[in-house]
Colleague: 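One structure is given below, represented as structure tokens, and several questions about it will come after.
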Amino acid sequence: MSAQGSAPHRSSGRRVLVLGSGAREHALARGLARSPGTAEVIVAPGNAGTISPGGAREAPIRRVEGAGLDADSVVALARAERVDLVLVGPEAPLCAGVADALEAAGIAVFGPSKEAARLEGSKAFMKELAARHGIRTASFAIVTDMAAAEAEIRRRGAPVVVKADGLCAGKGVVVAGSVEEAIEAARGMLVENRFGDAGRVVVIEEAIFGEEASVHAITDGTSLLVLPPARDHKRAFDGDAGPNTGGMGVFAPSPNVSPELLARVEREILRPTIDGMRAEGRPFRGVLFAGLMITKEGEPFLLEHNVRFGDPECEALVALLDGDLGELCASVARGKLDPTAVRVASDRSAVVVVLAAAGYPASPRAGDPIRGLDAAAEVEGVVVHHAGTRLGPEGVVTAGGRVLAVTATGSSLAEARARAYEAARAISFEGAHFRTDIGASAGLV
Ligand code: AMP
Ligand code: GLY
């Protein structure tokens, strides 16, 4: 490989392709670029932030704009770029079998097979796996017609949760406060086909209340490395008001999950999932992200499994890892997790504040110029990860619902939080909104 531009960078090492276009992928790309074993990071299709000339201590990051994420396009790109490793950011390509196609082409991939990705791709599959392996999850019924759905909802009464089985970009879950609302939700899925095939099967389940937690484990299908617990904030506005979103902010490690509780989550939820998947002939390789609800009594319930990093959880987790993220992922791709490739920092915490576009999540507005990115990046401990951004003739403009994920580390959660908000307030674009209470449940505000 020849050096590009004038910036000095490593000429030997791993060439890594990251698939996706969010702040998660920007954070992964930066983490990989900082890894000693990386020569170049390519992000497809990426965003306005996923470009860097590299330097003495960082590999360059390049973007392949307009790249498709279907299996054929990904294999062709990986071959053309002669990459040594592919990281798949979002769930949709995994559920469509991109990891299988790469593996068949002899290209190392960090991410589960299509069969293993059913843990996220089918909520009914996840619930039945949990039932088979004694994993604590909300009680549930699986229905495929409206009469059965209505009977089940009436039998349970409100509150009750209605979930479309398949992938719905985060819109397929309704926590219904009344029987009528639940029936309406089920009708939208089963009768009105609002989610197409994803809504032909519906899970109706008990509503669980408590404190949410996101726990990620890196796994080769047998052994696992549990990452620090993170706390996402799903609702759009302060005080958990407004509609559900992909996630408006995170803090990690979350003090709401003690080391004892984390050990229980590993023993009672993560380990049986990974062992169960292997025993059933669909070993899970990659990152397993358990979405949990911790009840008042301190019992962890599995709400969802995701087969990829959370976003914005990933931005915080990458900020808490030292060492060689590329080698960690490559070891999983080779089939033998090397947990010594990274160390979880014990001297810092991370807070992420997401800046969203006007109208997000219902109908985000695009094309607004973004100001203050440089000033924000100057705040100590801060990295501004891009999500829905695009480079226009006059600079960076908004191009999606979640626009930026301002990520800060500090020696305490309070310090990380203060830095994240100082940086977030330095950025402006028309209609920008962000939650001001990230960290509230950790007692920081
Ligand atoms: P998802 O968008 O599929 O990640 O899940 C959406 C959100 O729905 C979760 O993060 C929880 O806040 C909520 N949720 C899912 N299942 C339940 C449940 N059984 N009880 C209460 N809330 C739930
Ligand atoms: N932040 C939650 C998710 O990525 O699903």
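Both counts, for ligands and for their atoms, begin at 1 and track the order of listing.
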Colleague: Take atom CD in Glu268; do more than 12 heavy atoms of anything else shown fall under 6.0 Å from it?
Modeller: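 Yes, enclosed.
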
Colleague: Is any side-chain N of the basic residue among Glu422 and Arg419 closer than 4.0 Å to the acidic one's carboxylate O?
Modeller: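 Judged by the 4.0 Å cut-off on N to carboxylate O distance, Glu422 and Arg419 do not form a salt bridge.
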
Colleague: Taking only Lys NZ, Arg NE, NH1 and NH2, and the carboxylate oxygens of Asp or Glu, determine whether Glu327 and Arg14 approach each other closer than 4.0 Å.
Modeller: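 Yes, Glu327 and Arg14 are salt-bridged.
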
Colleague: Give every pair formed by an N or O atom of ligand 1 and a protein N or O atom closer than 3.5 Å, one pair per line with both atom names and the distance to 0.1 Å, or write none.
Modeller:
from	atom 1	to	atom 2	distance (Å)
ligand 1	3 (O)	Glu304	OE1	2.8
ligand 1	3 (O)	Glu304	OE2	3.4
ligand 1	5 (O)	Glu304	OE2	3.3
ligand 1	10 (O)	Glu212	OE1	3.0
ligand 1	10 (O)	Lys234	NZ	2.8
ligand 1	12 (O)	Glu212	OE2	2.4
ligand 1	16 (N)	Lys163	NZ	3.0
ligand 1	19 (N)	Glu205	OE2	2.7
ligand 1	19 (N)	Glu206	O	2.9
ligand 1	20 (N)	Ile208	N	2.9
ligand 1	20 (N)	Ile208	O	3.4

Colleague: Mind checking whether His216 and Phe289 have parallel, tilted or perpendicular rings, split at 30° and 60°?
Modeller: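 Rings of His216 and Phe289: parallel, as their planes differ by under 30°.
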
Colleague: Mind checking salt bridge (charged side-chain N to carboxylate O under 4.0 Å, His left out) for Glu206 and listing every partner two or more places apart, or none if nothing turns up?
Modeller: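 Testing Glu206 for salt bridge (charged side-chain N to carboxylate O under 4.0 Å, His left out), a comparison that skips the adjacent residues, returns none.
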
Colleague: Judged by atom type as modelled, is there a donor-acceptor pair below 3.5 Å linking the side chain of Ser223 to the main-chain atoms of Thr219?
Modeller: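 Such a contact is absent between Ser223 side chain and Thr219 backbone.
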
Colleague: Run the salt-bridge test on Glu192 and Arg194 with the 4.0 Å N-O cut-off and return the result as yes or no.
Modeller: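 Between Arg194 and Glu192 there is no salt bridge, as every charged N stays at least 4.0 Å from the carboxylate O atoms.
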
Colleague: Are any protein N/O atoms closer than 3.5 Å to the N/O atoms of ligand 2? If there are, list each pair with names and the distance to one decimal place.
Modeller:
from	atom 1	to	atom 2	distance (Å)
ligand 2	1 (N)	Asp232	OD2	2.8
ligand 2	1 (N)	Gly246	O	3.0
ligand 2	1 (N)	Asp311	O	3.0
ligand 2	1 (N)	Glu313	OE1	2.8
ligand 2	1 (N)	Glu313	OE2	3.4
ligand 2	4 (O)	Arg308	NH1	2.8
ligand 2	4 (O)	Asp311	N	3.0
ligand 2	5 (O)	Arg308	NH1	3.3
ligand 2	5 (O)	Arg308	NH2	3.1

Colleague: In terms of side-chain geometry, is the basic nitrogen of Asp240 or Arg435 positioned less than 4.0 Å from the acidic oxygen of its partner?
Modeller: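 Salt bridge flag = yes for Arg435 with Asp240.
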
Colleague: Tell me the side-chain hydrogen bond (donor to acceptor under 3.5 Å, both in side chains) pairs involving residues 299-315, sequence neighbours left out?
Modeller: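 As it turns out, the side-chain hydrogen bond (donor to acceptor under 3.5 Å, both in side chains) pairs with a partner in residues 299-315, which skip direct neighbours, are Glu91-Arg308, Glu120-Arg308, Arg136-Glu299, Lys163-Glu304, Ser214-Glu313, Arg264-Glu299, Thr273-His305, Asn306-Arg308.
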
